[in-house]
Student: 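Questions regarding the structure given below will be posed in turn.
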Amino acid sequence: MNSEDSKCREIKDLQDKFTDLIADYKFTQNEFMKQESDVIALIDLAQACVLFSGQNYKAVGVCYNNIANLHYKNEKYQLAADSYLKAWYMAYVCLGEMTPE
């Protein structure tokens, strides 16, 4: 690999890290709940689920719970129920009652 490829990869890695940090900040500061649009909040929460997936089951559970709350608020009851079930599953994983898939 030449030095130009190495520089491009380093810049891409740095961009990915900043993207993850911004998503993490939004999640920890509950910025998603202050969005004018529930759609944007759902996108932010879905990105947070992906970010924390496989490493922080409690955070993933909180994301799914908040996704469910938004669906419930918008009368999307089946989607809310599905998300509440995922949040419930993550809670059991955190308690050691179930193993992660």
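For the single chain, residues carry numbers from 1 onward in sequence order.
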Student: Please collect all ring pair (Phe, Tyr, Trp, His ring centres under 6.0 Å) contacts where either partner lies in residues 53-76, sequence neighbours excluded, each pair once.
Tutor: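 For residues 53-76: Y72-Y77.
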Student: Rounded at 0.5 Å granularity, tell me how far CD1 in I67 sits from CG in D44.
Tutor: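 Reported value, rounded in 0.5 Å steps: 10.0 Å.
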Student: Checking Y84 now: which residues fulfil side chain to side chain donor-acceptor pair (under 3.5 Å) with it, not counting sequence neighbours?
Tutor: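 So Y84 forms a side chain to side chain donor-acceptor pair (under 3.5 Å) with N69.
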Student: Got a sec, which residues hit side chain to side chain contact (heavy atoms under 4.5 Å, CB included) with V39, two or more places apart in sequence or on another chain?
Tutor: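 Side chain to side chain contact (heavy atoms under 4.5 Å, CB included) list for V39, sorted by chain: S37, I43.
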Student: So which pairs with a foot in residues 76-91 pass salt bridge (Lys or Arg N to Asp or Glu O under 4.0 Å), sequence neighbours left out?
Tutor: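 Passing the test, one end in residues 76-91: no pairs.
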Student: Through direct or indirect side-chain contacts below 4.5 angstrom among Ile, Leu, Val, Met, Phe, Trp and Tyr, which residues connect to V50?
Tutor: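 Cluster partners of V50: none, it stands alone.
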Student: Return the CG to CE distance between N56 and M90, rounded to the nearest 0.5 Å.
Tutor: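 One gets 10.5 Å once the value is rounded to the nearest 0.5 Å.
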Student: Supply the atom-to-atom distance C63 SG to K58 NZ, rounded to the nearest 0.5 angstrom.
Tutor: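 One gets 12.5 Å once the value is rounded to the nearest 0.5 Å.
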Student: Would a distance-only check, ignoring hydrogens and angles, find a side-chain to backbone donor-acceptor pair under 3.5 Å from N66 to V62?
Tutor: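 Yes; judged by distance alone, with no hydrogens or angles, the pair exists.
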Student: Do L79 and Y89 belong together in a cluster built from hydrophobic side chains that touch within less than 4.5 Å?
Tutor: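 Hydrophobic grouping puts L79 apart from Y89.
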Student: Test your reading of the model: is there a side-chain donor-acceptor pair from N74 to the backbone of L70, 3.5 Å cut-off?
Tutor: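 Side chain of N74 to backbone of L70, a donor-acceptor pair under 3.5 Å: yes, one is there.
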